[in-house]
Amino acid sequence: MSSSPRQISAVPSPPAVEVSDALAMEFFYWMTLTRAVEERALNLYRQGKLPGSYYTGRGQEAIAIGMVLPLRRGSDGDWLSPWIRDLGSYLVHGVPPWRIFAQFMGKAGSTTRGKDGNLHIGGREWNIPCQVSHMADMIPLTVGAALAYKQRGEDRVALTSFGDAATSRGDFHEGLNIAAVLEVPAVFVAENNGWGYSTPISRQTKVTDLHKKAAAYGIPAVSVDGNDVFTVYSAMKTAVDAARAGQGPQFIECKTYRMGGHAAHDKYESYMPMETLAEWSDKDPIKRLETALRDTRGMVPERLEDVRVRVRDEVREAVERADHDGYPEPAEAHEGVFAPADYED
Amino acid sequence: MSSSPRQISAVPSPPAVEVSDALAMEFFYWMTLTRAVEERALNLYRQGKLPGSYYTGRGQEAIAIGMVLPLRRGSDGDWLSPWIRDLGSYLVHGVPPWRIFAQFMGKAGSTTRGKDGNLHIGGREWNIPCQVSHMADMIPLTVGAALAYKQRGEDRVALTSFGDAATSRGDFHEGLNIAAVLEVPAVFVAENNGWGYSTPISRQTKVTDLHKKAAAYGIPAVSVDGNDVFTVYSAMKTAVDAARAGQGPQFIECKTYRMGGHAAHDKYESYMPMETLAEWSDKDPIKRLETALRDTRGMVPERLEDVRVRVRDEVREAVERADHDGYPEPAEAHEGVFAPADYED
Amino acid sequence: MPELTYLEAINAALADEMELDERVFCLGEDVGKQGGAFGATKQLQQRFGVMRSIDMPVAEAGIAGVAIGAAMAGQRPVAEMQFGDFVSIAFDQLVTCAAKMHYRIGWAVPLVVRCPNGGGVGGGPYHSENVEAWFHHHAGLKIACPATAEDAYGMLRSAIRDPNPVVFCEHKFLYRREKAEVATGTDGRLVPLGEAIVRRPGSDLSIITYAATVRSASTVADRLAEEGISAEVVDLRSLIPFDAHTVLDSVRRTGKALVVHEDNLTGGFGAEVAAVIGQRAFEYLDAPVTRVAALDTPIPFTPVLEREYMPTEDDILAAARELAAY
Amino acid sequence: MPELTYLEAINAALADEMELDERVFCLGEDVGKQGGAFGATKQLQQRFGVMRSIDMPVAEAGIAGVAIGAAMAGQRPVAEMQFGDFVSIAFDQLVTCAAKMHYRIGWAVPLVVRCPNGGGVGGGPYHSENVEAWFHHHAGLKIACPATAEDAYGMLRSAIRDPNPVVFCEHKFLYRREKAEVATGTDGRLVPLGEAIVRRPGSDLSIITYAATVRSASTVADRLAEEGISAEVVDLRSLIPFDAHTVLDSVRRTGKALVVHEDNLTGGFGAEVAAVIGQRAFEYLDAPVTRVAALDTPIPFTPVLEREYMPTEDDILAAARELAAY
Ligand SMILES: Cc1ncc(C[n+]2csc(CCOP(=O)(O)OP(=O)(O)O)c2C)c(N)n1
Ligand SMILES: Cc1ncc(C[n+]2csc(CCOP(=O)(O)OP(=O)(O)O)c2C)c(N)n1
Ligand SMILES: [Mg+2]
Ligand SMILES: [Mg+2]
């Protein structure tokens with residue numbers, strides 16, 4: 001049960017990890033897909049086609065994508081428990097886009113068969129537990145999954161992401177402390193976007209550099225530019241590898257900004273400073289990635305356009321499939337409270 | 001709402017505060033009284049005269065006493081919410097010894113009229129809320145009391161103490177974070193005695209220097225030798241004064257050792273290292289205080305003996321009074337669930 | 001007299017008590033400048049200052065605990081849960097600290113915990129819970145479940161003045177749907193906790209309910225009337241204290257009791273109501289005390305499933321007819 | 001066959017399941033080397049290793065959450081609350097995460113939360129709670145309340161094998177007082193969850209109860225027998241699933257039901273039992289369904305008050321006589 005945690009420096013930053021052009025194009029594909037799905041869903045929401053409320057992670061796609069690409073997929077892969085801003089993470093971890101639209105629409109093809117909404121998506125086939133609304137509750141669960149892997153000697157990791165405001169919750173604290181004591185392969189991703197609903201982070205905590213909180217548990221932590229997918233990926237890859245190698249839990253803070261309201265119905269103009277929003281708009285992670293691909297990696301515009309076209313098609317098909325999907329039968333409301341006695345793991 | 005927190009150094013230690021001989025003798029009186037009450041109660045427990053279980057704070061008297069002497073007493077004084085090791089703190093804050101015996105015995109003169117046991121002692125007259133068993137629950141309450149004082153512009157503080165294991169609880173985290181954000185006059189005293197029941201602190205947290213946890217909230221913290229009442233008092237006085245002066249919450253870690261089992265029935269010999277116990281026995285806070293009084297302050301043995309005699313008499317009288325006290329009427333079990341409509345603050 | 005929605009009535013009750021008593025303050029997530037997720041605390045911070053409507057970190061246990069401590073230290077906190085569902089996190093603080101303090105040392109905890117409650121709004125399993133039955137078993141907590149704008153106003157003011165911790169369940173479905181002319185300020189009328197009310201007199205059966213299903217019960221009573229069945233509708237208003245007197249009086253007159261709530265069946269407050277009627281009005285009963293409630297499942301998200309989950313007017317009507325015909 | 005106490009039976013059930021299934025492990029405060037505050041996990045760490053009986057930090061929400069995650073990841077965790085009272089802190093994890101996971105995505109949470117439960121041991125308000133009624137309202141949790149050493153053994157093994165989260169209430173008063181010859185290991189007998197049992201047949205009235213009050217009910221039945229009254233004692237054993245069939249069958253035969261539990265009255269599981277009987281056995285009832293339970297107060301510490309709080313044999317006897325004479 002021993003580990004050699006990485007040094008926790010004052011302004012910790014992760015080592016750079018080599019990213020091939022092919023992988024960089026994968027970043028681009030997934031981030032473009034993420035944004036396209038969200039934009040389409042927002043339109044559907046505005047047209048009144050989605051019940052419930054609607055949240056987007058616009059501007060945080062680099063985190064959603066960068067944190068999952070280092071993970072192994074599949075039912076025997078790594079555990080992923082993402083935050084509601086991380087639609088892209090579901091895509092990367094294997095959930096087909098149409099099922100996400102079906103989820104938003106409350107259709108039978110939703111991963112919850114309409115029983116839950118938004119990004120409360122999950123399934124054993126992807127090793128994604130279904131998140132709950134209660135912020136930070138999924139943190140101890142993630143620690144528990146990591147414990148299971150450790151107990152069985154499997155080289156799997158469990159990763160969860162959460163917003164800055166979730167760090168105020170007791171379950172954040174209990175989960176991280178236990179993870180450290182038990183030295184489990186858990187990876188914690190804090191998405192510091194400066195806001196928790198209408199509350200600025202300065203009213204959420206005095207310690208607005210969230211990576212510093214990890215020091216209270218003895219968990220190695222880094223803080224990265226969450227709008228730079230290369231940096232995010234490097235940090236995540238390093239952390240996931242460390243956790244997988246038995247070096248215990250890892251903490252990554254991603255600094256970013258919430259590019260609009262808490263939810264689609266939120267009148268954020270009343271409390272968010274427009275100048276700051278404009279500044280961060282220039283730091284848009286997809287724009288930045290495009291620039292890097294073009295300027296640093298010499299990718300021709302056609303290759304990016306190809307991806308955009310592919311994404312457009314995929315989203316169209318996904319919406320169509322979800323649209324044609326039916327609703328669950330009313331009787332299904334009665335079913336599934338308990339797992340049957342012959343339930344198989 | 002602004003504050004200038006003291007610098008948090010790597011190994012923070014408090015400034016020394018002048019202690020007069022008279023005050024030093026007060027230390028001696030209270031600590032001797034505390035131990036005498038506990039020893040007497042332990043005997044009563046062993047004789048089967050106390051229902052429930054029995055806990056002592058033997059070896060931690062310097063904390064119990066040192067943390068309360070800087071506080072103001074009375075219903076309009078400072079809020080005190082102590083941990084179960086801190087019998088002495090109740091005494092200093094005004095609870096008469098006989099009522100503590102009555103509490104242990106479940107008599108009507110108990111501050112709870114027999115409705116609760118152990119050190120679940122309290123009353124508005126002393127501004128001591130009645131603690132609950134659930135560790136760390138009293139921390140948010142203490143923050144709330146401090147908030148009330150701040151809202152009304154009163155120069156009162158609210159202090160709570162807790163064991164090292166309580167730092168693992170979510171309510172510790174939520175309470176401290178809120179205290180920091182709201183900048184309330186709360187003082188947190190962590191009694192680090194190395195054990196939580198049979199669990200050593202190394203299995204409780206990786207960060208066994210508890211003062212480091214305060215950094216996660218931006219709360220200034222110090223760490224002191226909890227068996228040296230002079231140091232404890234200095235740290236507490238400094239912290240209480242700072243909180244009272246509007247400098248926001250303060251955190252003091254007192255390093256000490258649990259000088260026996262978790263409770264009187266605990267077979268601690270099976271898990272506690274006897275050598276360490278012996279070492280700490282030499283650091284007994286009362287012995288050390290006696291030495292300081294005699295050797296540094298030139299107090300003649302007679303003066304100490306006078307205190308011991310006075311304490312002996314007081315304890316005898318207290319036990320007698322509690323012994324002669326009656327039990328509550330059975331009908332009282334039905335009463336007091338709700339405060340009456342005409343309840344007066 | 002202004003026409004206020006149920007939600008505006010809550011806002012007005014808060015403002016009126018804050019105006020009268022400077023010990024009263026609000027705390028919760030986004031309750032300050034934003035005025036809360038639903039607007040219940042709108043303009044209170046602007047009007048009374050930052051220390052009277054305090055934005056809190058996301059920490060429901062902490063919020064409840066801080067409110068308890070402030071209450072004991074002489075303030076009159078009104079804590080808001082952003083959704084009632086999240087009071088699960090404050091459960092320990094409420095049942096361990098708030099509920100048992102006065103019993104032990106006679107020190108009161110005058111605290112209100114406001115819980116936006118209930119379904120029918122497409123909120124899914126985590127934004128639709130009826131939380132009242134999480135608490136009625138725990139001695140020391142009062143529970144208020146107003147069904148009308150007047151009661152929302154009058155009961156909230158009573159709850160704030162009450163020296164005890166009160167779990168105040170505000171039904172979200174009613175926030176903008178219930179409206180009434182509600183006198184406020186000095187003309188404002190307090191509605192005491194612990195008093196049920198007969199919303200509609202009747203003689204053939206008693207429908208005993210509270211909160212959102214008071215509306216459904218009234219509609220059902222109208223339809224029953226057309227069929228020549230006279231249904232009495234009793235609105236409990238407070239669950240704790242439970243006004244058994246009004247309930248028993250009604251059932252002893254009608255001989256038949258239909259207990260209805262939106263909350264799920266098993267262990268809902270209706271079980272307690274049915275048990276009390278069964279024991280104390282046994283000789284008056286002409287038919288089995290019948291319960292209509294939601295399914296014993298989590299609250300599903302998609303409308304077709306949520307409708308199936310909820311006790312509908314048709315469900316109530318069918319049960320009432322059966323009782324009437326018994 | 002060895003004579004085991006209720007507590008030893010629990011220890012044996014844990015050991016037997018851990019032996020058979022390496023996914024089974026214990027976690028909780030001091031459960032490791034120490035074997036738990038009561039010794040329920042004694043020698044398990046020594047026998048199965050540190051990763052099979054894990055000492056946890058004092059963090060009940062975290063313990064529950066970790067257990068849920070481990071369960072979903074294929075383990076079979078058995079989490080111990082040092083005292084059932086502290087499960088208040090794990091309430092959110094249990095009702096929010098554990099109870100609603102399978103309903104939403106068909107992914108089971110095979111988890112046991114062991115809660116040393118109940119009063120009568122001078123534990124005061126925070127070491128005496130009966131926690132079963134904190135959970136029966138929440139769909140998705142099973143609740144077991146064994147009354148005998150055999151059931152403690154057999155139901156715990158069933159609970160561990162059950163693919164659902166089970167709140168396992170072990171009555172502390174019975175830990176050393178209940179004893180029986182209990183076959184263990186390969187001869188061990190599983191007791192299914194969801195099946196009540198008639199402990200003693202009778203014809204004049206049914207006493208329906210569970211856990212510690214099964215003993216009191218049996219004693220009362222003896223005394224009633226001396227008076228010529230034949231009382232049937234039904235031990236519910238599991239609250240969820242609730243074996244309404246056995247209860248209704250009994251009441252339909254005797255025509256009279258006395259529902260008894262140590263837990264406090266209002267909103268106790270007895271309310272649900274009484275409501276079900278009142279609705280589904282109405283035509284068989286010759287007397288009001290009567291409840292005997294503890295006071296609706298916190299559980300006071302000092303013996304004279306605790307005795308007043310608890311439902312005593314005399315209370316049960318008096319109620320039974322009244323019912324019999326009705
Ligand atoms: C325990 C809990 N309390 C309150 C809420 C309501 N709520 C939903 S999101 C949110 C703010 C989240 O802020 P943050 O964690 O920073 O994530 P972000 O929305 O910025 O991505 C709140 C208060 C909740 N979901 N859970
Ligand atoms: C929330 C909670 N869980 C468990 C317990 C049982 N318990 C009582 S004291 C204790 C250990 C306390 O350790 P620590 O906080 O270090 O204080 P110490 O006893 O060492 O003074 C435990 C686990 C409790 N009282 N509260
Ligand atoms: Mg945020
Ligand atoms: Mg300790």
Side-chain angles (χ1 to χ4, degrees), chain B residues 1 79 81 111-113 115-116 120-124 127-134 136-154 156 158 160 169-171 173-182 184 186 333 335-345, chain C residues 22-23 25 27 49-52 54-77 79 89-90 92-93 95-111 138-142 158 161-165 192-194 240-241:
Chain B
M1 301 248 292
W79 164 287
S81 179
T111 65
T112 61
R113 291 196 66 80
K115 285 177 173 170
D116 207 343
H120 294 198
I121 284 171
R124 288 169 71 196
N127 205 12
I128 299 178
C130 195
Q131 70 172 300
V132 302
S133 291
H134 299 51
D137 273 34
M138 300 302 290
I139 294 178
L141 268 72
T142 299
V143 175
L147 173 62
Y149 304 149
K150 175 169 172 149
Q151 286 174 314
R152 296 197 299 261
E154 296 168 359
R156 296 159 79 180
T160 187
R169 282 255 5 257
D171 284 21
H173 178 75
E174 297 194 1
L176 266 72
N177 185 54
I178 293 171
V181 170
L182 301 184
V184 297
E335 296 161 13
V337 172
F338 288 114
D342 62 357
Y343 178 89
E344 286 281 334
D345 270 44
Chain C
E22 59 178 25
R23 299 172 305 175
F25 73 100
L27 73 168
V50 283
M51 290 307 273
R52 299 287 299 283
I54 306 180
D55 283 323
M56 294 290 281
V58 177
E60 284 76 7
I63 291 169
V66 164
I68 295 166
M72 292 181 70
Q75 300 294 89
R76 291 290 178 275
I89 299 168
D92 169 60
Q93 278 289 345
V95 308
T96 301
C97 296
K100 299 180 176 67
M101 195 62 75
H102 187 269
Y103 185 71
R104 298 184 302 147
I105 50 166
W107 189 343
V109 183
L111 160 70
H138 300 273
L141 301 173
K142 296 192 175 183
S158 292
R161 294 181 183 199
D162 199 286
N164 294 288
L193 303 184
I240 307 289

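Note on naming: letters A, B, ... go to the chains in the order of the sequence lines (proteins, then strands), and numbering restarts at 1 for each one.
- Looking at C:Ile54, only its side chain comes within 4.5 Å of chain B, counting heavy atoms on both sides.
- For C:Ile240, the part lying near chain B is the side chain, with the backbone staying farther off; criterion is any non-hydrogen pair under 4.5 Å.
- Looking at every heavy atom in both residues, B:Pro129 comes nearest to C:Met72 through CB-CE, 3.7 Å.
- Heavy atoms of C:Glu22 lying under 4.5 Å from chain B are absent altogether.
- Looking at C:Asp92 and B:Asp171, their side chains come closer than 4.5 Å, going by heavy atoms from C-beta outward.
- In this structure, the separation between CG on B:Leu182 and CG on C:Asp55 is 10.0 Å, given to the nearest 0.5 Å.
- When heavy atoms are compared at a cutoff of 4.5 Å, B:Asn127 approaches chain C by way of both its backbone and its side chain.
- For the residue pair B:Ile178 and C:Ala59, the shortest heavy atom distance occurs at CD1-CB, 4.2 Å.
- The side-chain heavy atoms of B:Glu174 and C:Pro57, taken from C-beta on, include no pair separated by under 4.5 Å.
- With a threshold of 4.5 angstrom between heavy atoms, C:Lys142 approaches chain B through its backbone and through its side chain.
- Across every non-hydrogen atom of C:Pro163 and B:Pro340, the tightest pair is CG-O, 3.2 Å.
- Contacts between B:Ala180 and chain C at a heavy-atom distance below 4.5 Å are absent for every atom of the residue.
- Interatomic distance, NZ of B:Lys150 versus CD of C:Gln75, reported as 13.0 Å (0.5 Å rounding).
- With chain B as partner, the option from C:Ala71, C:Ala108, C:Ala67 having the largest number of non-hydrogen pairs under 4.5 angstrom is C:Ala108.
- For the atom pair C:Trp107 CH2 and B:Ile128 CD1, the distance stands at 8.5 Å (nearest 0.5 Å).
- Using a 4.5 Å cut-off between heavy atoms, C:Arg23 touches chain B through its side chain atoms alone.
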Donor-acceptor pairs under 3.5 angstrom involving side-chain atoms of residues 136-147 of chain B: please list them, not counting sequence neighbours.
{"from": "B:Asp137", "atom 1": "OD1", "to": "B:Arg169", "atom 2": "NH1", "distance (Å)": "2.9"}
{"from": "B:Thr142", "atom 1": "OG1", "to": "B:Trp79", "atom 2": "NE1", "distance (Å)": "3.1"}
{"from": "B:Thr142", "atom 1": "OG1", "to": "B:Met138", "atom 2": "O", "distance (Å)": "2.8"}

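- The minimum heavy-atom distance between B:Val337 and C:Tyr103, with the atom names listed, is N-CD1, 3.7 Å.
- If you measure heavy-atom distances from C:Asp162 to chain B, you find no contacts under 4.5 Å at all.
- For B:Glu154, the side chain to side chain contact (heavy atoms under 4.5 Å, CB included) partners are B:Tyr149, B:Arg152, B:Arg156, not counting sequence neighbours.
- Going from atom CD of C:Gln93 over to atom NE2 of B:His134 covers 10.0 Å, rounded to the nearest 0.5 Å.
- With C:Arg104 as the fixed residue, the side-chain hydrogen bond (donor to acceptor under 3.5 Å, both in side chains) test singles out one of B:Thr111, B:Thr112, B:Asp116: B:Asp116.
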